[in-house]
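Everything on this sheet refers to the single structure shown next.
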Amino acid sequence: MNNTAGALIAVVSLVLVEFVSGIVGLIGTSLVVSPFAHYGTGASLVGSFIASVFLAPFPFYAGAFLALAFLTPIARRSPLPTVLLRAVLAGAAGTIALALVGVFTGAFGAITSGGSRLVIDVVTNPLRNGVPFTVMLLASATAAWLWLGRPRRNRNATPASGLPGTVRPADAVPPATVQPGPQQPSQQPQQRPYGQGLVQPDPHGQYGGQYGAQPRPGQQQPPAAPWGGPAPR
């Protein structure tokens, strides 16, 4: 499908260039003579325009199209020098097609005009038309290669911000650049029994001046009730 599309773009572009060039020449000549009038045995200006733009170069159009479509295709992934070389080969194929048609026309013309007509239709006219057509085919093949190689746009897919050709919305939040680490479980403060781990002043100085402190090594613990038990009543 792409091969046929590239061949169509290249050949149709060539035809359009010839058509515009012929139209400009026809308009300029029509200012002097009538475009539909016949002068002598020759064709009218309109007939000459149709013959020079469409009928005479048609073998070149057909040969170049078949060569570009099946033998030397214009691939979108091919480098430009390869595409230009293929266009030259397609132009050569079109010139050969003109020469093959000239064999038949020159053979009939040689009956009345001699062998020189065969040389003109087989060699001279094909080269005279084939060389400028090949040069124009180089430009049209380059245009086809650029057209086929353009980036495809998917209408259904939503464009991702940050890519070429896309614009970030004004209220868009930029993505985080630092990934958060694993969250550690929060440690709840353990409840301790009353008097453990608390530092309180010791007014009597029995345990080093602080409540909750353990007795020093080698220090004797005071009796539980040094003043004795309760007096009997």
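Please read these numbers as outputs of a predicted model, since none were measured by experiment.
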Subject >> Exercise: identify the closest heavy-atom pair between F49 and I23 >> reply: CE1-N, 3.5 Å
**OP:** Would you indicate whether the side-chain heavy atoms of L71 and L66 approach each other to under 4.5 Å?
**Re:** no
**OP:** List the atom of W145, the atom of A75, and the distance in Å for their closest heavy-atom pair.
**Re:** CD1-O, 3.3 Å
**OP:** With sequence neighbours left out, write down each residue that passes side chain to side chain contact (heavy atoms under 4.5 Å, CB included) with L16, or none if nothing qualifies.
**Re:** V12
Original post:
Roughly how far, to the nearest 0.5 Å, is the CG atom of L14 from the CD1 atom of I9?
Top reply: 14.0 Å
Original post:
So does F58 have more than 12 non-hydrogen atoms from other groups sitting under 6.0 Å from CZ?
Top reply: no
Original post:
Any side-chain heavy atom of W147 within less than 4.5 Å of one from R76?
Top reply: no
Subject >> Short side-chain to backbone donor-acceptor contact, T4 and A69, under 3.5 Å >> reply: no
**OP:** Mark yes or no for whether S113, through its side chain, and A110, through its backbone, hold a donor-acceptor pair below 3.5 Å.
**Re:** no
Original post:
Between the side chain of R117 and the main-chain N/O of G106, is any donor-acceptor distance below 3.5 Å?
Top reply: no
Original post:
Hey, which of L84, L137, V83 is the one that makes side chain to side chain contact (heavy atoms under 4.5 Å, CB included) with T142?
Top reply: L84
Original post:
Cluster question for you: counting only ILVMFWY and a side-chain heavy-atom cut-off of under 4.5 Å, with indirect links fine, are V53 and I27 together?
Top reply: yes
Original post:
When hydrophobic residues are tied together by side-chain contacts of less than 4.5 Å, even through go-betweens, does F104 share a cluster with I120?
Top reply: no
**OP:** Decide if the gap between the ring center of F70 and the ring center of F65 is smaller than 6.0 angstrom.
**Re:** no
Original post:
Taking all atoms of both residues into account, what is the closest heavy-atom pair of L98 and G130, and its distance?
Top reply: CD1-N, 4.3 Å
**OP:** Verify the cluster assignment for L8 and L89: are they in a single hydrophobic cluster under the rule of side-chain heavy atoms below 4.5 Å apart?
**Re:** no
**OP:** Assess whether side chain to side chain contact (heavy atoms under 4.5 Å, CB included) is satisfied between Y61 and E18, documenting all intermediate values.
**Re:** CA-CA 11 Å; Y61 301 153; E18 285 293 308; 3.7 Å; yes
**OP:** Would you mind reporting whether N129 and F60 have side-chain heavy atoms less than 4.5 Å apart?
**Re:** no
**OP:** Would you name the heavy atoms of P57 and A51 that are closest together and state the gap between them?
**Re:** CD-O, 3.9 Å
Original post:
What pair of heavy atoms forms the shortest contact from S140 to S13, and how long is it?
Top reply: CB-CB, 3.7 Å
Original post:
Taking a hydrophobic cluster as the set of Ile, Leu, Val, Met, Phe, Trp and Tyr residues connected by side-chain heavy atoms closer than 4.5 Å, whether directly or through intermediates, do V15 and L26 fall within one such cluster?
Top reply: yes
**OP:** Identify the heavy atoms of V17 and M136 that sit nearest to each other, and give their distance.
**Re:** CG1-SD, 3.6 Å
Subject >> Hphob cluster co-occupancy, F19 + L45, side-chain heavy atoms under 4.5 angstrom >> reply: yes
Subject >> Minimum side-chain heavy-atom gap I74-S78 below 4.5 Å >> reply: no
Original post:
Listed by chain and number, what are the ring pair (Phe, Tyr, Trp, His ring centres under 6.0 Å) partners of F54, not counting sequence neighbours?
Top reply: none
Subject >> Those residues that, when tested against T105, pass side chain to side chain donor-acceptor pair (under 3.5 Å) (two or more places apart) >> reply: D121
